[in-house]
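By convention in this document, chain letters (A, B, ...) are assigned in the order of the sequence lines, proteins followed by strands, and residues within each chain are numbered from 1.
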Amino acid sequence: MASAGRRTSVAADMTYDFRAIEARWQSYWDEHETFRAELDPDRPKYYVLDMFPYPSGDGLHVGHPEGYTATDIVARYKRMRGFNVLHPMGWDAFGLPAEQYAIKTGTHPATRTAECIQNFKRQLKMLGFSYDWAREIDTTSPAYVKWTQWIFLQIWGSWYDHTEGRARPIAELPIPPAVAAMGDAEVNRYRDEHRLAYMHDAPVNWCPTLRVVLANEEVAEHVEQGHEVVRRPMRQWMLRITAYAERLLADLDGLEWPASVIEMQRNWIGRSEGAEVEFQVVGIKGEEGTLTVFTTRPDTLFGATYMVLAPEHPLVDQITTDAQRSAVKAYVERTAHRSERERQAEAAEGAKTGAFTGAFARNPVNGREIPIWISDYVLMGYGTGAIMAVPGHDTRDHAFAKAMGLEIVEVVGGGTAPIADEAFVGEGVAVNSGFISGLTTAAAKERMIDHLEREGIGRRRVTYKLRDWLFSRQRYWGEPFPLIHRPDGEVAPVAVDDLPVTLPVIEDFGPSESGEPPLAKAREWVELADGSLRETNTMPQWAGSCWYYLRFMDPRNDGAAFSKEAADYWLPVDLYIGGAEHAVLHLLYARFWHKVLFDLGHVSTVEPFHKLVNQGMILGATYHPITPRRDERGLPVVFLPDQIEAIGGDRFAVKGSGEEVKVQWDKMSKSRGNVINPDDVIREYGADTMRLYEMFMGPLEQSAPWQPEGVSGCYRFLQRVYRLVFDERPEGDVVRELAEGAGSERQRRLLHRTIDQVGERIDRLSFNTAISSMMIFVKELALLDEPIAREVIGAFLILLSPFAPHLAEELWRALGNPKSLALEPWPAVDPALLIEATWTLVVQVGGKKRAELQVPQGAEKDAVIALALAAEDVQRHVGDKTPRRVIYVPGKLVNVVL
RNA sequence: GCGAAGGUGGUGGAAUUGGUAGACACGCUAGACUAAGGAUCUAGUGGCGCGAGCUGUGAGGGUUCGAGUCCCUCCCUUCGCACCA
């Protein structure tokens, strides 16, 4: 008991028995399958989805339920609005923690995962979310893995037809006659090279600590955690996401997503427009000596005074002169051995290193011979791995030219500083540039590209930062690839009827140092009777989350991943809520898979998630001495909330010593010790209070601190609601006498205003202000001091029920309703009741508010102005002066300008 | 450096389109009920001023009868990207 011995809680003297009430309604919903969703073409659908959790060993923290409560409110609201709501939950259960746990303890990851799922599910159930639990899925279950593998085979079985702009079955790939003539093996090879899933032998990001290959997207996160990541050549499975770069970018336009996420995806895809230009290496004739570069500034071609190749560029070896060979070799090796971290640190400083190859190339527009260098500031993975360097108009080239003493030429006029001191990267007018001199940057680009294309030495080109997705992992706890390597080297798919390929039972889950996956050790599993070998890599954790929203539509289908009928009905996801940490990876990968499935005719929307919202973080408190100090072990002194008491305002002191400390709000994390456990909150206040508080804290998208006093405020509100219906007596609570019928006009006006506001605010996901409306309702209802009408309180309970469903159900039943209110219709607003008999007129004199008057509805402009001018508070400021002007805003104000 | 979001009382936050700044809640103050209150209820609560009033939404300027909201300049915070040619 976390709170033993403490009596800080308002709920200590529990006035309504939330424990019994919440347990009762949770089992009622279970037994009656209240939230069961069935496909029904006659009703409008609404698909509201949470980012499903990884069931970690730590269980839920209060951050999880924030998004889940928001979606639950929307789900419950939409049901009452007549929508057929799909609101599912499941488990993204493959992943490193269970595997690390297995390596440490020997417990099979499946066992551990099952335990964690059970705990998560228990916690979610306690919060009363209206999930259709019959649709629960677990990405690690064979029934799910089967279809993850099936989708992989769809991708593997496709190629991208750039002419038609879509993926097509590999069987439809045109085979060039020259390839066909070379026989079946060559045809197969040709096909394999064009598949959307292909094997690639290239340097990959290898993490020696974890013994795993990482996707480019994952490197930063691991480096941040202090893991070393090195480049190392390995044969890996790649997914051809780059084929979709343009569509992934263009289709962002139709989405209702946060600007920041759209922007991050745009940056990640990184489209740039420019041109390819061919340079000829002096002394090497023909294609062999052609260096192609990509530039976004073809207008600066006359200013290209040298070239730079990435150290890994294939031509480096060929063009290096004997005199420079040792220097070049040394630099190439140095680059290969440096970690990503060292390289990035150097980049941040702007320091430039490199080596001269001894070779020269000819600038195709002015014929000048320019030196060819190598440097790691040119990346093999972007563009062509080679650049033309224009030090006058590129900061990096400028720094390199300065460091190496290379020539700097001005070819764009308009800079302020001398070109020798600073590169001018802005737009201007071309100078010293032959046939484009005098043209503005935009025009010069066009003219240059025309020229290059006419001469056949370059072309217009669009490049993307996005790289293909490294899809294989040397891990045990993931989906095995459903592929077989034949003795002749051919790769074959596992037949659909033989899916899923399940994981073998093994003892040692650890990957080897060499990077060989743990599955390779299961010889009996790997080796097939005909001498074929199974693929031993597994898929990354993203695989399961790439399509779980599709499986939810038809989760028990044995014959397909999902039916076409279900997909046509439920897609797209109307509202998707989750953390901002998935802004790029998960959302980009899922969109990619969705588009492949679209191309192959399995889904009929181009995008999976229509509206996306990122919930903010809930921050936890730690307390620090006013002047920081360290304890005897050298660690900073930190106090946790239960060691602290408030001493007025926002000041805090340590209990016992009385030392004043300051509060600090951070993302909750186990290591900081500032985590709030939902179990404790629910035990003390109940799930309804917890849900209400999390929504009342502030806008959903915004981060906010967890303040225990705020929780009790919400609890007090629910108590007041309880007392609207129940009279608390020592011998037991009894239902109050309620007025029959629709209620007094005052009550109905109050109610309808509240109905109007709450509905509109839920639509806007402005839950904190919706709750505020309900608080005002309860307060004003009490002030009316008249018996409350049954219909009024009943309608209010419906408004309350998305937020505090247990209490709403309980009170609904107490009013004599036999059935759950979950499927009651949302009350209709009577517009007539929203119009008051009078409205409040604000009178300003010279823009300052001077009076407030009640004006009858429908009063004429002149009458209102006369009334305003006659008011005493107005007269005092106007006096005998004649107003120069009177502004009249109907229904709002009168402003008298003197 | 580039990009995005944001800066409103002691605190979390309200204020759809320019029209009462600070709703609602916490905290605080006073009172009621009480054996008691850390329960409950009532009232008050941006700052300055006895008051009429003045002042106030990161800073400065502008547009307007009127600006938290629009425009310009700047400062700060958070997040993302960062040798991408």
Return no unless some side-chain N or O of [X] is found under 4.0 Å from OP1 or OP2 of [N].
X	N	value
A/Q702	B/G6	no
A/N267	B/A82	no
A/R716	B/G27	yes
A/R761	B/A23	no
A/K849	B/A21	no
A/K779	B/A25	yes
A/R720	B/C41	yes
A/R850	B/A52	no
A/S766	B/A14	no
A/R876	B/G53	yes

Would you kindly say whether [X] and [Y] are connected by a side-chain donor-acceptor distance under 3.5 Å?
X	Y	result
A/D376	A/T335	no
A/Y382	A/T463	no
A/Y377	A/D397	yes

For nucleotides [N] and [M], find the distance between their [atom1] atoms and express it as a whole number of Å.
N	M	atom1	value
B/G6	B/U69	P	14 Å
B/G46	B/A21	P	14 Å
B/C41	B/U20	P	32 Å
B/G9	B/A4	P	26 Å
B/G10	B/G58	P	13 Å
B/G44	B/C54	P	23 Å
B/G19	B/C70	P	11 Å

remark   = Across every strand shown, the nucleotide meeting Watson-Crick or G-U wobble geometry with B/U17 (both distances under 3.5 Å) is none

request  = Drop me the distance from A/I771's CD1 to A/I73's CD1, to the nearest 0.5 angstrom.
outcome  = 6.0 Å

Pairwise distance CZ(A/R720) to CG(A/L781) - rounded to 0.5 angstrom =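 Those atoms lie 13.0 Å apart.
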
task = Kindly point out which of B/G12, B/G66, B/G27 is positioned nearest to the side chain of A/E709?
result =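 Per side-chain heavy atoms of A/E709, the pick is B/G27.
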
inquiry  = What's the closest nucleotide to the side chain of A/Q707 if the choices are B/A15, B/G12, B/C81?
reply    =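 Of the options given, the side chain of A/Q707 lies nearest B/G12.
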
remark   = Ranking A/I887 and A/E263 by the position along RNA chain B of their nearest nucleotide, the one closer to 5' is A/E263

note = On RNA chain B, more 5' by nearest nucleotide between A/R723 and A/P699 is A/P699

